[in-house]
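To start, the structure under review is shown below, and the notes come after it.
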Amino acid sequence: MSKVSIIGAGMTGASTAVWLAGREIADLVLVDIVEGVPQGKSLDLLEALPILGKDVDVVGSNGYEATAGSDIVVITAGFPRKPGMSRDDLLRTNYDVIRAVVEAVVKYSPNAILIMVTNPLDAMAQAALKLSGFSRNRVLGMAGVLDSARMSTFVAMELGVSVENVHSFVLGGHGDDMVPLPRYSTVAGIPLPDLLPPEKIAAIVERTRKGGAEIVNLLKTGSAYYAPSAAVVEMVEAILKDKKKILPCSVYLDGEYGIKGLFVGVPVKLGARGVEQILEIRLTPEEKAALEKSAASVRELVQVLGL
Ligand code: NAI
Ligand code: 2OP
């Protein structure tokens with residue numbers, strides 16, 4: 001059985017564990033700094049498995065010994081947004097968390113693939129790459145799968161069609177200037193602009209960009225976790241099953257899309273080696289400008305951290 005460790009047993013980390021246990025694809029370890037929480041959530045989840053009929057091991061811990069030899073480590077440790085806060089307000093606080101976490105993770109799982117979730121996502125992924133010393137195929141950030149799922153939700157709602165028919169494409173950093181691409185978004189293979197008028201598409205693009213804030217404003221005490229954790233699971237499964245699945249992920253660009261030395265969301269092929277290929281799709285000048293603007297926002301954060 002593969003082994004997946006989840007650091008941060010809060011809303012997103014614990015929800016990731018629940019979805020993953022249901023897939024029966026890996027033994028799980030939950031780590032958190034709060035005493036009793038990872039142990040309690042792990043035992044509770046373990047006790048659900050006879051009902052679900054799933055045989056996986058789930059362990060909770062405040063230390064990292066139990067994570068030793070993980071195939072994948074998902075990092076959700078840190079703090080979520082509160083109303084009025086941007087993802088970027090979290091920068092310094094969460095950087096300090098990530099520094100300690102990545103050091104411990106690498107010590108016990110030097111061959112793992114790291115999936116970053118903590119915000120601000122692209123900057124934290126860049127921090128993890130640098131702090132871990134791992135090659136760039138083994139450090140990636142979850143955002144594009146979530147942002148694309150949100151866009152697909154809104155498209156399916158607007159057209160009254162099955163979500164299974166909708167395939168959306170969102171690139172760029174995980175911030176308000178992310179880049180939803182209607183031209184590459186399809187419903188049963190039909191490009192979105194052939195199905196919806198420009199003003200409807202513009203409204204969907206706007207709602208997608210603000211999708212995280214929409215949930216924060218409703219919850220008031222934190223940010224989204226069901227869709228984010230489901231997005232992590234799609235990435236984990238693609239890697240563990242060596243599916244070669246093409247998903248939008250935040251990865252370190254080294255000249256691709258004309259961007260160098262920065263984590264930005266682009267389509268990648270995910271397989272057993274992690275990021276196995278970065279796909280460069282053709283962009284119009286407007287789309288390219290939007291991607292560059294989004295990348296510039298990420299670069300600002302990365303520079304504040306001196307990465
Ligand atoms: P949460 O507050 O429910 O959970 C965070 C957990 O991290 C807490 O249990 C806390 O005790 C733990 N933690 C804090 N410092 C730690 C440390 N040094 N070591 C181990 N654990 C530590 O928050 P939630 O909703 O789970 O979000 C977690 C992070 O993920 C936030 O930064 C949030 O913004 C981000 N996020 C990013 C998404 C994305 O699309 N990339 C989507 C959802 C959340
Ligand atoms: C979101 O988009 C919190 O970044 C997270 O919901």
Side-chain angles (χ1 to χ4, degrees), residues 12 15-16 19 74 87 115-117 119-122 125 140-159 161-196 200-215 223-239 243-251 253 256-257 263-270 275 277-284 287-288 290-291 294-295 297-298:
T12 309
S15 303
T16 301
W19 294 114
V74 178
R87 294 181 179 94
I115 299 181
M116 296 303 298
V117 179
N119 273 318
L121 187 272
D122 307 276
L140 61 161
M142 184 288 292
V145 177
L146 167 66
D147 298 326
S148 303
R150 285 187 173 139
M151 185 170 174
S152 291
T153 308
F154 306 142
V155 169
M157 279 162 57
E158 181 60 40
L159 289 169
V161 298
S162 164
V163 290
E164 285 189 275
N165 284 138
V166 188
H167 193 270
S168 301
F169 227 110
V170 181
L171 303 187
H174 186 51
D176 296 342
D177 49 15
M178 66 178 73
V179 189
L181 288 180
R183 244 169 22 94
Y184 282 107
S185 301
T186 57
V187 178
I190 307 160
L192 204 53
D194 291 349
L195 290 167
L196 282 173
K200 292 273 188 207
I201 293 180
I204 288 172
V205 164
E206 190 57 13
R207 192 169 177 193
T208 301
R209 286 204 170 115
K210 304 219 166 108
E214 186 176 2
I215 305 281
S223 54
Y225 41 93
Y226 291 135
S229 51
V232 170
V233 169
E234 186 172 26
M235 292 165 66
V236 167
E237 193 165 38
I239 294 168
K243 283 176 82 84
K244 319 287 187 199
K245 194 167 190 176
I246 296 176
L247 293 171
C249 300
S250 182
V251 294
L253 297 182
E256 298 86 358
Y257 291 90
F263 269 77
V264 179
V266 295
V268 303
K269 189 195 283 179
L270 282 192
V275 180
Q277 191 188 342
I278 294 173
L279 284 89
E280 284 195 74
I281 56 172
R282 252 202 303 267
L283 299 177
T284 64
E287 290 164 349
K288 192 153 194 323
L291 184 62
S294 181
S297 303
V298 177

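Positions are given from 1, in the same order as the sequence printed here. The analysis underlying the following values was restricted to heavy atoms, covering all of them including side chains, and did not include hydrogens, waters or symmetry mates. Everything numeric here is computed off the predicted structure, so don't read it as measured data.
- To the nearest 0.5 Å, the span separating CG on L146 from CE on M151 amounts to 13.5 Å.
- In this structure the side chain of L192 never reaches within 4.5 angstrom of the side chain of R183, judged on heavy atoms.
- For residues 224-233, the set of pairs meeting the salt bridge (charged side-chain N to carboxylate O under 4.0 Å, His left out) definition, not counting sequence neighbours, is empty.
- Residues G173 and V298 approach most closely at CA-CG2, 4.0 Å, considering heavy atoms.
- In this structure, the side chains of V266 and E256 stay at 4.5 Å or more apart for every pair of heavy atoms.
- For residues 225-235, the set of pairs meeting the salt bridge (charged side-chain N to carboxylate O under 4.0 Å, His left out) definition, not counting sequence neighbours, comprises E234-K245.
- The salt bridge (Lys or Arg N to Asp or Glu O under 4.0 Å) check on K243 picks up nothing, with sequence neighbours excluded.
- The main-chain N or O of S229 is never found under 3.5 Å from a side-chain atom of T12 such that the two would form a donor-acceptor pair.
- Residues W19 and Y226 approach most closely at NE1-O, 3.4 Å, considering heavy atoms.
- Side-chain atoms of V268 and Q277, non-hydrogen and from C-beta on, never get closer than 4.5 Å to each other.
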Exercise. Do L270 and L140 pass the side-chain contact (heavy atoms from CB on, under 4.5 Å) test, and can you show the C-alpha distance, the side-chain angles, and the key distance before you say yes or no?
Worked result: CA-CA 10 Å; L270 282 192; L140 61 161; 3.5 Å; yes

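- Side chain of T186 to main chain of A188: no donor-acceptor pair is present (N/O by atom type, distance under 3.5 Å, no hydrogens or angles).
- The minimum heavy-atom distance linking N119 with L121 is given by the pair OD1-N, 3.0 Å.
- At a threshold of 4.5 Å between non-hydrogen side-chain atoms, the residues V264 and V251 do not count as touching.
- To the nearest 0.5 Å, atoms CD1 (I281) and OH (Y184) are separated by 4.5 Å.
- How far CE of M116 is from NE2 of H174: 12.5 Å, rounded to the nearest 0.5 Å.
- By the 4.5 Å heavy-atom criterion applied to side chains, L196 and E158 are counted as neighbours.
- Of the candidates I204, D147, V170, V170 is the only one forming a side chain to side chain contact (heavy atoms under 4.5 Å, CB included) with P180.
- S168 places a side-chain N or O within 3.5 Å of a backbone atom of S152 that can act as its donor or acceptor partner.
- When all heavy atoms are compared, the tightest approach of L291 to G265 is CD1-O, 4.5 Å.
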Exercise. Yes or no on side-chain contact (heavy atoms from CB on, under 4.5 Å) for L181 and E287, after CA distance, side-chain angles and deciding distance?
Worked result: CA-CA 8 Å; L181 288 180; E287 290 164 349; 3.6 Å; yes

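- Contact check on R150 versus E214 returns no salt bridge, with no Lys/Arg side-chain nitrogen under 4.0 Å from an Asp/Glu carboxylate oxygen.
- Looking only at side-chain heavy atoms (C-beta outward), R209 and D176 stay at 4.5 Å or farther from each other.
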For this session: Take T16 and V117 through the test side-chain contact (heavy atoms from CB on, under 4.5 Å) and record every step on the way to the result.
Result: CA-CA 11 Å; T16 301; V117 179; over 6 Å; no

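- Counting heavy atoms from C-beta on, the side chains of V236 and V74 come closer than 4.5 Å.
- Note that CG of N165 and NE2 of H167 are 12.0 Å apart. Values are rounded to the nearest 0.5 Å.
- Interatomic distance, L171 CG to C249 SG, rounded to the nearest 0.5 Å: 11.0 Å.
- A distance of 4.5 Å separates CD1 in I246 from CG in L279, rounded to the nearest 0.5 Å.
- Without hydrogens or angle criteria, S250 side chain to D122 main chain gives no donor-acceptor distance under 3.5 Å.
- Closest heavy-atom contact between A224 and P228: O-CG, 3.4 Å.
- Between L247 and P267, the closest side-chain pair of non-hydrogen atoms is not below 4.5 Å.
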